Amino acid sequence: MQTLQVDTLLSVYQLVTAMLALATLGGAWHLKSERALWLWAGAFGASALTQTVRALAFAVEAPRAWYAVGHLGGLISALLVMLGLRVFLGQRLRCRGPVAFTALVAVAALVLAAATGHLWASLSLTLLASALLTAPAMRAAQQAWRAQPGFPMLLMATALAVSAGVELARACVMLPWVVPDRALATQYNAWGLLATIGLVIAQGLAMLLLLQDRALRRIEQLIEVDVLTGLLNRRGFDERLRRLLQRGAEQPPVLALLDVDHFKRINDTHGHAVGDAVLSGIGERLRETLRPFDLAVRLGGEEFAVIWAQAEPGDEARLGERLREAVGTAAFPTAAGPLAVTVSVGVARARGANEAPEAVFSRADAALYDAKRAGRDRVQLAA
Ligand SMILES: Nc1nc2c(ncn2[C@@H]2O[C@H](COP(=O)(O)OP(=O)(O)OP(=O)(O)O)[C@@H](O)[C@H]2O)c(=O)[nH]1
């Protein structure tokens, strides 16, 4: 087996963690809303800092117990990575228990090193504690990945799982009754340390990718959301309708198009801002009326749409009527006082996965046109 120098590896570890600490610190400064980054910067910083103390202790030939400070880096880092992940996932930050546990282990490790003059006991203890702190972080990452699969969270969960395993293995090989040959134990530990360096880099990369992924998802969301009402916009609507039709469910989706009647009068009488307040109120009313898996959309201007992914056959008229009533019976608060409006509704059920989204839309639109022509404030079913 190739011989690895622990001291050299520790210097590499110090350098890598220092660079990752600087990168995450810069990121935290730049992206003020991502509080997890401060904790992750602290995680890498703790490793870099404790390794610096160890290197200084070595340089000034301080008592060997000082070297044990280097063992605390991985421990504090495991704690902060775990807390950072909780913050990133928006989970409640119950940190009192883990912080107390870490502090207790840190003190015990230093006391052990000072009392015995050996470093294996404190290293083994801190590695075991790190594995215990890494395990819940790994579980949280795994659950998050199951809820929303994606490469960055998979990388994070895998890096944490392997880290916990490596920490546990290193904790075991350091025990003299597990590996009595101390030179061999040091070599095993060195290989474990090499793996740890790789895993720390993988964790840093996963953090970066997670942030990028979140930013991209936010942008995608913004692109698909109508600013005035908070409903999906036309772009989001096209995409959802296409996906729903492609799914080819037993019950094809039902589409309703709504157009506010004589909306121009509201703008002309009260001004554009009052018109906006009415549109925003309609958006709210639609949201309240629909179930979470139904989709409400503002197509543009005073036109809205609703998609029901699951609707019983023959339910089209009742669904359309429910929308018409929901809007028609409301008084929308505006700067000109409460205002009431009516809507005309055209409803079409898709003819199955073979019907193009444009064709369903066009049938619903024709029905809406008929409803307008027939006198407005009514529901018309498509042919
Ligand atoms: N306040 C406001 N008005 C808008 C917005 N988008 C479009 N409009 C107005 O909506 C009105 C639509 O008018 P029309 O298409 O003539 O329709 P209508 O007056 O509702 O009449 P019918 O549809 O025939 O019942 C126009 O006055 C547009 O300026 C918006 O975002 N905010």
Side-chain angles (χ1 to χ4, degrees), residues 218-242 253-290 294-308 316-350 357-383:
R218 277 192 188 143
I219 292 170
E220 264 172 30
Q221 219 176 26
L222 281 178
I223 289 174
E224 290 194 337
V225 169
D226 170 57
V227 184
L228 181 63
T229 59
L231 300 181
L232 269 186
N233 62 18
R234 177 70 198 240
R235 188 191 169 102
F237 165 81
D238 286 342
E239 179 62 23
R240 298 303 192 290
L241 185 60
R242 192 183 54 75
V254 172
L255 167 68
L257 296 184
L258 292 78
D259 189 291
V260 185
D261 298 324
H262 301 303
F263 187 68
K264 192 170 178 304
R265 286 186 199 159
I266 293 187
N267 274 339
D268 291 349
T269 315
H270 304 288
H272 212 264
V274 167
D276 279 358
V278 171
L279 292 175
S280 160
I282 294 174
E284 184 114 23
R285 197 87 177 113
L286 290 179
R287 248 196 308 267
E288 285 166 7
T289 313
L290 297 170
D294 302 329
L295 285 176
V297 186
R298 181 175 174 224
L299 293 173
E302 20 70 273
E303 266 192 54
F304 293 83
V306 169
I307 309 174
W308 292 276
E316 294 83 347
R318 194 182 61 82
L319 291 171
E321 207 47 57
R322 184 138 55 92
L323 293 183
R324 191 187 65 79
E325 271 175 28
V327 178
T329 55
F332 300 108
T334 72
L339 288 181
V341 290
T342 61
V343 283
S344 301
V345 186
V347 187
R349 183 187 281 274
E358 298 80 22
V360 191
F361 189 89
S362 160
R363 286 193 298 114
D365 200 34
L368 171 63
Y369 182 72
D370 288 346
K372 286 272 181 192
R373 262 205 335 198
R376 296 178 173 79
D377 189 18
R378 66 195 60 220
V379 178
Q380 182 67 47
L381 299 188

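Order of listing sets the numbers, starting from 1, for every ligand and every atom in it. No experiment lies behind these values; they were computed from the predicted model shown.
Atoms of ligand 1 lying under 4.0 Å from any heavy atom of Gly275, numbered from 1 in the order shown and given with element: 1 (N). The contact set between ligand 1 and Arg376, taken as ligand atoms under 4.0 Å from a residue heavy atom, comprises 22 (P), 24 (O), 25 (O). Every atom of ligand 1 is numbered from 1 in the order shown, and the set under 4.0 Å from a heavy atom of Asp261 is 25 (O). Atom numbering of ligand 1 starts at 1 in the shown order; those under 4.0 Å from a heavy atom of Val260 are 20 (O), 23 (O), 25 (O). Interface of Lys264 with ligand 1, defined as ligand atoms under 4.0 Å from a residue heavy atom, comprises 13 (O), 16 (O), 18 (P), 19 (O), 20 (O), 27 (O).
Under a 3.5 Å cut-off, the side chain of Arg285 and the backbone N or O of Thr329 do not form any donor-acceptor pair. The backbone N or O of Val227 sits nowhere less than 3.5 Å from a side-chain atom of Arg298 that would complete a donor-acceptor pair. The backbone N or O of Glu325 sits nowhere less than 3.5 Å from a side-chain atom of Arg322 that would complete a donor-acceptor pair. Checked by atom type and distance alone, the side chain of Arg363 pairs as donor or acceptor with a backbone atom of Ala383 at under 3.5 Å.
Heavy atoms of Arg298 come nearer than 4.0 angstrom to ligand 1 in at least one pair.
Shortest contact from atom 6 (N) of ligand 1 to any protein heavy atom: Gly301 CA, 3.1 Å. Closest protein heavy atom to atom 20 (O) of ligand 1: Phe263 N, 2.7 Å. Closest protein heavy atom to atom 28 (C) of ligand 1: Asn267 ND2, 4.1 Å. When hydrogens are left out, the protein atom nearest atom 14 (P) of ligand 1 is Glu302 OE2, 4.4 Å; that is the closest non-hydrogen contact.
When heavy-atom distances to ligand 1 are checked against a 4.0 Å cut-off, Asp259 comes that close only through its side chain, counted from C-beta outward. Proximity of Lys372 to ligand 1, defined as any heavy-atom pair under 4.0 Å, is confined to the side chain (atoms from C-beta onward). Contacts between Leu279 and ligand 1 below 4.0 angstrom, taking non-hydrogen atoms only, involve the side chain exclusively. Using a 4.0 Å cut-off between heavy atoms, Asp276 contacts ligand 1 through both its backbone and its side chain.
Smallest separation of non-hydrogen atoms from Phe361 and Leu255: CA-CD2, 3.8 Å.
Taking a cutoff of 4.0 Å between a charged side-chain nitrogen and a carboxylate oxygen, Lys372 and Asp261 qualify as a salt bridge. Taking a cutoff of 4.0 Å between a charged side-chain nitrogen and a carboxylate oxygen, Glu321 and Arg318 do not qualify as a salt bridge. A salt bridge does not link Arg242 with Asp238: every distance from a Lys NZ or Arg NE/NH1/NH2 to an Asp or Glu carboxylate oxygen is 4.0 Å or more.
In this structure, Arg376 forms no cation-pi arrangement with Phe263, as its terminal cationic atom is not both closer than 6.0 Å to the ring centre and no more than 45° off the ring axis.
Of the listed residues (Leu299, Val297, Ile282), just one forms a side chain to side chain contact (heavy atoms under 4.5 Å, CB included) with Phe304, and that residue is Ile282.
Every N/O-N/O distance between Leu228 and ligand 1 stays at or above 3.5 Å.
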